[in-house]
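Data block below; observations after.
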Amino acid sequence: MTYDRLVCANCAAPVSEGRCPVCRASRERMQQVNFFAGLNPMTLIALLAVLVAAVALLAHQTV
């Protein structure tokens, strides 16, 4: 899940806007924990497709 869809329980605003200290802390923590947290789901699907294609190409070359 990306943090742009999360709503802060403290100020009821999207966490991605960082309106209050709780939002800013959560946003910072989520960005530091995982590189893929800030990526769009379509980007993750595209990366997965490229990985599968690369593995298929390697498997085809070894046969």
Side-chain angles (χ1 to χ4, degrees):
M1 173 179 269
T2 57
Y3 71 91
D4 61 333
R5 296 191 182 263
L6 296 178
V7 175
C8 177
N10 191 41
C11 67
V15 172
S16 61
E17 293 179 5
R19 291 184 182 178
C20 71
V22 175
C23 292
R24 289 188 289 274
S26 296
R27 181 177 60 186
E28 186 67 28
R29 188 190 66 212
M30 290 179 78
Q31 287 176 343
Q32 289 177 354
V33 169
N34 190 356
F35 169 74
F36 296 111
L39 290 179
N40 183 338
M42 289 304 293
T43 305
L44 292 175
I45 291 171
L47 288 172
L48 181 63
V50 168
L51 179 64
V52 168
V55 169
L57 182 63
L58 287 173
H60 181 64
Q61 288 180 353
T62 59
V63 174

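Note that the structure is a prediction, hence the values are computed from the model and not measured. Note that these values count all heavy atoms, side chains included, but never hydrogens, waters or copies made by symmetry.
Atoms CG and CG, from Asn40 and Leu47 in turn, are 10.5 Å apart once rounded to the nearest 0.5 Å.
Residues passing the salt bridge (Lys or Arg N to Asp or Glu O under 4.0 Å) test with Arg19 are Glu17, sequence neighbours excluded. Here Cys8 pairs with Asn10, Cys11, Val15, Cys20, Val22, Cys23 under the side chain to side chain contact (heavy atoms under 4.5 Å, CB included) rule; sequence neighbours left out.
Side-chain heavy-atom separations under 4.5 angstrom define the hydrophobic clusters, and the remaining members of the one that includes Ile45 are Met42.
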